[in-house]
Amino acid sequence: MKLSKLYCNQKNFKNITFNLNGVNVIYADVQAEIQKKNNSHDLGKTLLSKLIDFLLLKKISNYKTHPLYKIKREDGETIFQDYIFYLEIVLNSGKFLTIKRPVNKNTKISFKINDQRVKKYQAPQSWDGEEISIDNAKGFLGNYLALNFFSNKSYDYRKAISYSLRMQGDFEDVYRLSKFQGGQHIFWKPFMFDLLGFKGELLHKKYESDKKIESTNEFIKKLKNEFSVNVEERDETVARIDLKRQESEKVSGQIDRFNFYDQDKSLISKGVEEIEVSISHFNSIAYNLDYEIRKLSISIKNKFSFSFDKINQVFEEANIYFPDQLKHDYKDLVQFNSKLTKERNKLLKSTIKEKKEELEKINSNLKGLNNKREDLLSYLQDTEVFEKFKYLQKGLVKVEGELLKLQDKLNAIDKVIARQEEVNQLLTEIETTVTELKEVYKKTETNNRYKQIRTLFSSFYKEIMNEDAILSWRINDSNNVEFNPPKIQTQDEKRSITAKDDGTTYKKLLCVSFDLAILSAYNSESYFRFVYHDDVFSQQDNGIKRRLLDLVHYITLSYDIQYIFSIIKADLPKDENEKLIHFTDEEIILRLNDKDESGTLFGFEF
């Protein structure tokens, strides 16, 4: 498939007729300095690649940033509201297909098949398929293209189109285009594995299994947190369920039979007896406290008794002399004992107060227990059966609630076990897939397609840079395929691996070599036969420019590839006499300049 014509319904647009053979040059005669507004990037050479992508049915994901929609008129519509674009392509069958896509109804696509090129830039008057929705239109275009590589694949031609439309942001990585940068590896690595000649389905299966394991483990974690489950508690939970079910069945049966004998009996044994034991215990404590309070109260009443006058009378009746010193000692003893008695009584009163407070609490507890006993006894003696029924039914609701919680827990445990079994099954599948991948890795030299692509890549790069470059891949620690950045070998005796592929210039040339190698390798079957490289000659050494141009001429002739590239006047290569190498009028398919806005792709600035 090649590009034939690109045109528009507006006269200011520079219509383009592509060369079906040889090179196609988009030449920009830039006079102003690069820092000024009218630099080469404002002329439209980069926009042209986006326009081709648009006509090959790229979906608009962000209207605010897309060049056809971001600039508005006063009425709020895009300045390109009235534009209708047409792209004529040459199918590998030899027929010509025109694709129509208007800006204002960009999701409605029309197709027209012809046996030859349209005359000049006249849009078809009738269509084989008109205003087809873009999703269906992709299927139509895929069928028209009939590219062998995409048959029996889960993806379509859009997956590979950007390797034939390398834009400015696509030269950072040979394998991973800018459109894949924000996505997961599953969106591009299996495709690339396919493109290199291997079985991409293997890699896709591995990523799918990894994704399923991750989501399953998240589900298991959520269940464990929500139900506080542990799979090791399954049998214990079953036992608890059996007990609760038995209890539920028993109470249900009692309600059905309206037999409360066992329930009354249970209440007597578990209620009355426990309450009476507590009452007895508190009565004992109350009795002891009351006894201690009475003893302490009596002790306070026993005052210290000692009469000095009676002692003096005894001495006089016995005609015994009562010395003054002894009298004084007796008086001191009386005073000491009086003081001691006061302190003792003070302490006893404090103790009595504490004992009374404790006794008050005990009596309060006894009152409460007695009330509970009376309530329970009144229940047992109540002749109103309905009150008993309500009491028993509340117990059944509680048991059934507990049973339901246990059943939910068991269900959660079983779900966790089932999901863990799924994980184990997936791990087994992954192990099989990884074994297959490792077998593939051990025999890369037997893959003819990969060998051909790698040989062509190295050959093309050597023609440009006079250095060897290596394509390779490996299996990483996660057992997934990792495409190694191409390595460049120097020409010294050690032939060591260099880091040149890290530079912008080298990355661009590695990408060019890779794209050309892919197109050349698939040349023998129905595949893309064109490539557009934007600004590929920019900032290159003159020798590199000349060798690249020689290679491009060789490939277009040898492999029937349509090579399209943009270049500004300042980047033109020079011959051995330091004279600029100019392209012929036939080779230049689009001329742009910055003399005024008429020199731009659309004939005006925006």
Side-chain angles (χ1 to χ4, degrees), residues 1-3 6 16 18 23-28 40-41 43-58 67 87 89 147 149 157-183 187-188 191-192 195-196 453 456-457 460-461 463-465 469 471 483 485-486 501-523 527-540 544-545 547-549 551-552 555-556 559 561-568 571 589-590 601:
M1 170 258 182
K2 296 178 181 179
L3 307 183
L6 194 160
I16 302 169
F18 294 91
V23 298
N24 290 256
V25 183
I26 299 161
Y27 178 68
S40 63
H41 299 289
L43 300 179
K45 62 186 184 61
T46 300
L47 177 57
L48 177 60
S49 61
K50 294 182 179 180
L51 191 54
I52 295 171
D53 204 15
F54 175 79
L55 284 161
L56 290 174
L57 309 190
K58 176 182 174 63
L87 177 66
I89 61 176
L147 305 181
F149 175 80
Y157 70 96
R158 288 289 320 168
K159 186 74 77 171
I161 193 66
S162 295
Y163 295 94
S164 284
L165 284 171
R166 286 266 186 181
M167 302 183 199
Q168 291 297 318
D170 292 325
F171 289 104
E172 290 298 314
D173 193 309
V174 167
Y175 307 102
R176 192 172 190 176
L177 301 169
S178 59
K179 68 179 182 180
F180 297 137
Q181 290 299 325
F187 297 132
W188 70 276
F191 155 72
M192 180 53 64
L195 193 62
L196 292 176
I453 292 171
L456 287 168
F457 169 80
F460 294 161
Y461 188 80
E463 286 294 324
I464 301 170
M465 301 299 296
L471 284 181
F483 299 108
D501 56 309
D502 291 335
T504 302
T505 298
Y506 289 90
K507 282 181 180 179
K508 184 177 290 188
L509 295 174
L510 288 168
C511 290
V512 169
S513 300
F514 181 80
D515 295 343
L516 292 174
I518 293 294
L519 293 178
S520 300
Y522 283 93
N523 175 261
Y527 193 71
F528 295 115
R529 302 212 196 290
F530 83 96
V531 62
Y532 185 161
H533 286 151
D534 186 22
D535 261 353
V536 69
F537 287 89
S538 176
Q539 298 179 342
Q540 302 286 7
I544 294 175
K545 293 177 185 178
R547 291 192 295 272
L548 174 57
L549 191 57
L551 175 66
V552 166
I555 290 176
T556 57
Y559 294 96
I561 292 173
Q562 182 185 48
Y563 191 80
I564 308 165
F565 65 94
S566 61
I567 188 170
I568 64 174
D571 290 329
I589 60 170
L590 176 63
L601 178 62

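Keep in mind the model is a prediction, meaning the values are calculated, not measured.
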Ignoring hydrogens and angles, write down the donor-acceptor pairs under 3.5 Å from the side chains of residues 174-183, residues two or more places apart or on other chains.
unit_1: Tyr175; atom_1: OH; unit_2: Asn484; atom_2: O; d: 3.4
unit_1: Arg176; atom_1: NE; unit_2: Phe180; atom_2: O; d: 3.1
unit_1: Arg176; atom_1: NH2; unit_2: Phe180; atom_2: O; d: 3.1
unit_1: Arg176; atom_1: NH2; unit_2: Gln181; atom_2: O; d: 3.3
unit_1: Arg176; atom_1: NH2; unit_2: Gly183; atom_2: O; d: 3.0
unit_1: Ser178; atom_1: OG; unit_2: Asp170; atom_2: OD1; d: 2.6
unit_1: Lys179; atom_1: NZ; unit_2: Arg158; atom_2: O; d: 2.8
unit_1: Lys179; atom_1: NZ; unit_2: Ser162; atom_2: OG; d: 3.3
unit_1: Gln181; atom_1: NE2; unit_2: Arg176; atom_2: O; d: 3.2

- Which residues satisfy the ring-ring contact (aromatic ring centres under 6.0 Å, His included) test with Phe18, sequence neighbours excluded? none

- Note on the structure: Residues at least two apart in sequence or cross-chain that pass side chain to side chain donor-acceptor pair (under 3.5 Å) with Ser566, listed by chain then number, are Asp534

- Query: Who passes ring-ring contact (aromatic ring centres under 6.0 Å, His included) against Phe528, sequence neighbours left out?
  - Reply: none

- Using the test salt bridge (charged side-chain N to carboxylate O under 4.0 Å, His left out), find all partners of Lys2 that sit at least two apart in sequence or belong to another chain. Asp560

- Message: Could you work out, with salt bridge (charged side-chain N to carboxylate O under 4.0 Å, His left out) as the rule, every residue matching Glu172, not counting sequence neighbours?
- Response: Lys507

- Message: Side chains of Leu48 and Ile16, heavy atoms from C-beta outward: is any pair under 4.5 Å?
- Response: yes

- ring-ring contact (aromatic ring centres under 6.0 Å, His included) partners of Tyr522, counting only residues at least two apart: Phe149, Tyr527

- Can you measure from NZ (Lys45) to CG (Leu590) and round to the nearest 0.5 angstrom? 11.0 Å

- Rounded distance (nearest 0.5 Å) linking atom CG of Leu165 with atom CG of Leu56: 6.5 Å

- Residues which pass side chain to side chain donor-acceptor pair (under 3.5 Å) with Tyr532, listed by chain and number, not counting sequence neighbours: none

- Taken in chain and number order and not counting sequence neighbours, the residues that satisfy ring-ring contact (aromatic ring centres under 6.0 Å, His included) with Tyr559 are none

